[in-house]
Amino acid sequence: MGVPSDDAVVIQKGKAPGDHCVVTVNCPDKIGLGCDICRIILQFGLYIAKGDISTDGIWCYIVLWVVPWSRSIIVRWSNLKSRLLSICPSCSLSFYLPQQSTCASSSPVYLLRFFCLDRKGLLHDVTQVLCELELTIQRVKVMTTPDGKVLDLFFITDNKELLHTKQRQDETCEQLLAVLGKSCISCELQLAGPEYEYHHSFTSLSPVVAEELFRSELSEKEPRSQALSSNMKNLRKTNVMIDNSLSPAHTLLQIYCVDHKGLLYDIMRTLKDCNMQIAYGRFLPNSRGYRDLDLFIQQKDGKKIVDPEKQSALTSCIKKEMFHPLRVIMTDRGPDVELLVANPVELCGKGRPRVFYDVTLALKALGICIFSAEIGRYSASDREWEVYRFLLDENDRFQLSNMVAGEHIVDGVRRALMGW
């Protein structure tokens, strides 16, 4: 079948720190390729400042201007190029035929288990190491013992597909031990067994909590954990328009919305799940916190979207995703206070990148210790969600049962996730 040529992905670095780097992808097209590219860009901690997409359904040309979200993010550009090349279709003739959307990777799952003394920020420090090593966290179970120790179970996959080698396993353990230091009691890495399926699901959510977490819209009278900040209120200004008068073969989709981390990924993910194909698109730079996006699209059958019901369904779906790409609430769980974060899963089964990283970073910045944490999947509102659950420890700064403190934590976590 062949492999993509090395020049299918070209990365031109900026001349000075902080300058935009230009990522160009020039390869055969496939349904959902734009979504897959934006997902990898987000996974590497990069912000898409602007972009251009052009395809004739057979060959595509994508140019993205990117920059790290923060100075602390170390981008390994050669690794980014390799990852992007891995999703580019082959240049063989077989790829000139319509392609089906690819499903979630079947990479083997490994269990990383470590036991150590607990401390503030520990969970984020470990997560940062895993992100830098390009290891994806599929599931996690974090448990704190009464004597101040923590047992962490991370179920991970390797984006480099090298975790079966001793060299890669040793590299992972060495970098983790460097972060854990003398507080580490044990650290083990092995192929996951039946316990992975056991941790695939978790304690079910109560109907009241599920209704609050997965509601499709926010109202002005929200529970305290969903209180609307000024940024959230601005999300109401999202405008989605459809125009069929400018092209004989394509429908123009115009989107105007508040900028946030992973915005282009969210749009591409939504269009991919709706089976829409992009012929041409332009993603304009941030203007006073808002973004403009013009996309000429077609249905999977190559036709324009002329049915008013389909037009309404598409615009409604995009508005919902732009307004509510991530859910964050605080709730009581018996005597404890729990932070819940949820994001929709792609139809192919892939979850959103870096959510666990951003949440643990926000909690570390707030000085809040995590007593336990877990990731699982949950079905609600006719779709699958990835749900992150964190039991939080009380501290002198935040009395977690206090309404104002709860709102402050929710706002801090949401800002980290949205890049505000």
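Computed over heavy atoms, backbone and side chain alike; hydrogens, waters and symmetry mates excluded. Given the structure is predicted, the values throughout are model-derived calculations rather than measurements.
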From [atom1] ([X]) to [atom2] ([Y]), nearest 0.5 Å:
X	Y	atom1	atom2	answer
K141	E374	NZ	CD	4.0 Å
I267	I255	CD1	CD1	4.0 Å
I41	R83	CD1	CZ	10.0 Å
L133	L176	CG	CG	7.0 Å
E211	L205	CD	CG	12.5 Å
T157	L135	OG1	CG	8.0 Å

Side-chain donor-acceptor pair under 3.5 Å between [X] and [Y], yes or no?
X	Y	answer
Q298	T251	no
H260	D266	yes
W59	N26	yes
N79	E134	yes
Q138	Y110	no
D292	S287	no

Quiz item: For Y290, what residues pass the side chain to side chain contact (heavy atoms under 4.5 Å, CB included) criterion, not counting sequence neighbours?
Solution: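 Only N234, K237, Y256, V258 meet the side chain to side chain contact (heavy atoms under 4.5 Å, CB included) criterion with Y290.
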Exercise. Please report the shortest heavy-atom distance between L123 and F356, naming the atom on each side.
Key: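 Looks like CD2-CZ, 3.6 Å.
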Practice problem: Might you confirm whether atom CD of Q12 has over 12 heavy atoms from other residues, nucleotides or ligands at distances under 6.0 Å? | Solution: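 No.
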Quiz item: Is the number of heavy atoms from other residues, nucleotides or ligands under 6.0 Å of F115 CZ greater than 12?
Solution: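 Check passes, neighbour count above 12.
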Practice problem: Report the C-alpha separation of Y265 and D36 in whole Å, then their side-chain angles, then the decisive distance to 0.1 Å, and conclude whether the side-chain hydrogen bond (donor to acceptor under 3.5 Å, both in side chains) test is met. | Solution: CA-CA 8 Å; Y265 165 72; D36 296 341; over 6 Å; no
Practice problem: Carefully, step by step, assess R383 and E321 under the rule salt bridge (charged side-chain N to carboxylate O under 4.0 Å, His left out). | Solution: CA-CA 13 Å; R383 69 192 309 176; E321 295 303 316; 2.7 Å; yes
Practice problem: Report the relative orientation of the aromatic rings in F296 and Y280; use parallel for angles under 30°, tilted for 30 to 60°, perpendicular for over 60°. | Solution: tilted
Exercise. Anything under 30° is parallel, anything over 60° is perpendicular, the rest tilted; go ahead and classify F214 against Y378.
Key: parallel
Is the shortest side-chain N to carboxylate O distance from [X] to [Y] below 4.0 Å?
X	Y	answer
K15	D19	no
E174	K166	no
D294	R282	no
R119	D125	yes
K261	D358	yes

Practice problem: Go through the steps for D158 and S107 under the test side-chain hydrogen bond (donor to acceptor under 3.5 Å, both in side chains), then give the verdict. | Solution: CA-CA 7 Å; D158 187 5; S107 300; over 6 Å; no
Self-check item: E386/R352 under salt bridge (charged side-chain N to carboxylate O under 4.0 Å, His left out): CA gap, chis, key distance, verdict
Solution: CA-CA 8 Å; E386 200 160 48; R352 188 186 188 89; over 6 Å; no
Quiz item: Can you name the side chain to side chain donor-acceptor pair (under 3.5 Å) partners of K81, sequence neighbours left out?
Solution: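 Testing K81 for side chain to side chain donor-acceptor pair (under 3.5 Å), a comparison that skips the adjacent residues, returns D6.
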Quiz item: Between E346 and R39, does a salt bridge (charged side-chain N to carboxylate O under 4.0 Å, His left out) hold up when you go through it step by step?
Solution: CA-CA 11 Å; E346 293 179 37; R39 188 180 193 282; 3.7 Å; yes
